[in-house]
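See below for the structure under consideration.
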Amino acid sequence: MPELPEVETVRAGLERVLVGRRFVRIDQRRRDLRFALPERFAERLAGRRVESLGRRAKYILIRLDNGEVLVVHLGMTGRFSVRAPSRRAGGEGIVLGDYVYDHGGDARHDHLVFTMSDGSLVTYNDARRFGYMELVPEAEMEGHPFFAGLGVEPLSDDLTPAYLAARARGRKVDLKALLMDQRIVAGLGNIYVCEALFRAGLDPFKRAATLATKTGKAMPAAVRLVAAIKSVLAEAVRAGGSTLRDYKQADGSLGRFQNEFAVYGREGQRCLRRGCRGTVRRKVQGGRSTFYCPVCQR
DNA sequence: AAAAGCCCCTGGACGC
DNA sequence: TGCGTCCAGGGGCTTT
């Protein structure tokens, strides 16, 4: 599910319900998700107060009052839902990102249920269990394997044409693979890479090295690409991310950016660029689907 | 060191 | 209705 805009949307939603509350009870129903959950997870979390919520790349960072950070990665299908403490009519809950409390899915995949000090219930559901959680002392975050090799935040000033060109210089991979690589730019995934390359008018199969001159300076393509990445992500964050197949009951606070896709999931449909007569194609690239317009992405 | 493949896991859509 | 195949927003690990 989640790339940067979706993770950011979930982070913001959780922030509203977690900050200032303490973990009272941790109902842990499995030993592991993708990886083993932390040793003595419940005991270590119980009684801790949530200070703040942050995000780095596709990780949600839940800062606790003992200097530790609960680091959460949602994988493909990880979701949080929240049931408010007292809700008439049986408590239908709060919507977080593309997630409704009654996820309409499978309680079998409710792997963790946190009871907070205000009585709200926060459930982590993850059908495929590609998600994971870890408790990391704040001081060790930077050097932690999760974070040590991560590339720049795309919405920060660290992502510049010069940076991208320098990282692309001499690389043999194609543009799609470069942008999917979390060590270069952290937080992009299949959807937003496809959309950014479309906006920049760049062929996903073109070599990444073409972003740089021989001396490693930014080519115009790098300038366009950086602008495209930033604009598509910023718009998606504003729209609350994208909601794909999990769209259940319509709800205003679900993600809306899926309605803005220019290429993703639009195989066989007309290119949306003004004046372009092209048709969106899908090709498997690096084991994943790439959607692009062969006419205007060159 | 970089690039390419395989793998993890479950569910939904589709064809027969 | 049932079964097989393909596909899915993640990325780690292994091999070349």
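As the structure is a prediction and not an experimental result, all values here were calculated from the model. Letters A, B, ... are given to chains in the order of the sequence lines, protein chains preceding strands, and every chain is numbered from 1.
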Please enumerate all protein N or O atoms sitting under 3.5 Å from an N or O of nucleotides 1-4 of chain B, with distances to 0.1 Å.
unit_1	atom_1	unit_2	atom_2	d
B/dA3	OP1	A/K172	N	2.6
B/dA3	OP1	A/V173	N	3.3
B/dA3	OP2	A/R171	NE	2.7
B/dA3	OP2	A/R171	NH2	2.6

Using atom names, set out every protein N or O paired with an N or O of nucleotides 12-16 of chain C below 3.5 Å, distance rounded to 0.1 Å.
unit_1	atom_1	unit_2	atom_2	d
C/dG12	O4'	A/R34	NH2	3.0

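Applying the side chain to side chain contact (heavy atoms under 4.5 Å, CB included) rule to A/K217 yields the partners A/T213, A/T215; only residues at least two apart in sequence or on another chain are considered. Take A/R22 and apply the salt bridge (charged side-chain N to carboxylate O under 4.0 Å, His left out) test, not counting sequence neighbours, and it matches A/D65. The ring pair (Phe, Tyr, Trp, His ring centres under 6.0 Å) check on A/Y163 picks up nothing, with sequence neighbours excluded.
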N/O donor to acceptor pairs below 3.5 angstrom from side-chain atoms of residues 139-150 of chain A, sequence neighbours left out:
unit_1	atom_1	unit_2	atom_2	d
A/H144	ND1	A/F146	N	3.0

Under 3.5 Å, sequence neighbours excluded: what are the donor-acceptor pairs made by side chains of residues 33-46 of chain A?
unit_1	atom_1	unit_2	atom_2	d
A/R44	NH1	A/E39	O	3.2
A/R44	NH2	A/E68	OE2	3.3

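Put simply, CG on A/D126 is 11 Å from P on B/dG11, counting in whole angstrom units. One atom, CG of A/N190, and another, C1' of C/dC7, lie 12 Å apart when rounded to the nearest Å. Rounding to whole angstrom units, CZ of residue A/R128 and C1' of B/dG12 are separated by 11 Å. Going from atom CD of A/Q285 over to atom P of C/dA8 covers 13 Å, rounded to whole Å. In this entry the distance linking CE of A/M76 with P of C/dG11 reads 10 Å, nearest Å. Spacing between atom CE of A/M180 and atom C1' of C/dA8 amounts to 12 Å, rounded to whole angstrom units. Counting to the nearest Å, the P atom of B/dA13 and the CG atom of A/L244 are 13 Å from each other. One interatomic measurement links the two molecules: CZ of A/R282 to C1' of C/dC7, which rounds to 8 Å at whole-angstrom precision.
Sorted by first and then second residue, the salt bridge (charged side-chain N to carboxylate O under 4.0 Å, His left out) pairs with a member in residues 147-160 of chain A read A/R55-A/E153, A/R56-A/E153; sequence neighbours excluded. Counting only residues at least two apart or on different chains, the side chain to side chain donor-acceptor pair (under 3.5 Å) pairs with a member in residues 220-236 of chain A are A/R199-A/S231, A/R199-A/E235. Residue pairs meeting the ring pair (Phe, Tyr, Trp, His ring centres under 6.0 Å) criterion with at least one partner in residues 220-243 of chain A, sequence neighbours excluded, do not occur; the list is empty.
Under a 4.0 Å N-O distance rule, the pair A/D181/A/R183 qualifies as a salt bridge.
A side-chain hydrogen bond (donor to acceptor under 3.5 Å, both in side chains) with A/D174 holds for exactly one of A/R207, A/Q285, A/K206; it is A/Q285.
Residues A/S120 and A/D118 have side chains that bring a donor and an acceptor to within less than 3.5 angstrom of each other.
Regarding contacts with the backbone of B/dC8, every side-chain N or O of A/R129 stays at 4.0 angstrom or more from both OP1 and OP2. At least one side-chain nitrogen or oxygen of A/H109 sits closer than 4.0 Å to the OP1 or OP2 atom of B/dG11. Dashed line: the shortest gap from a side-chain N or O of A/H73 to OP1 or OP2 of C/dG11 is under 4.0 Å. Dashed line: the shortest gap from a side-chain N or O of A/S289 to OP1 or OP2 of C/dC7 is not under 4.0 Å.
Using a 4.5 Å cut-off between side-chain heavy atoms of Ile, Leu, Val, Met, Phe, Trp and Tyr, A/F205 falls into a hydrophobic cluster with A/Y292.
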Seminar exercise, completed: Intra- and inter-strand pairing of DNA chain C, written as dot-bracket with Watson-Crick and G-U pairs under 3.5 Å and | for the latter, reads .|||||||.|||||||
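Minimum atom distance to the side chain of A/F130 is reached by B/dC8, of the listed C/dC7, B/dG11, B/dC8.
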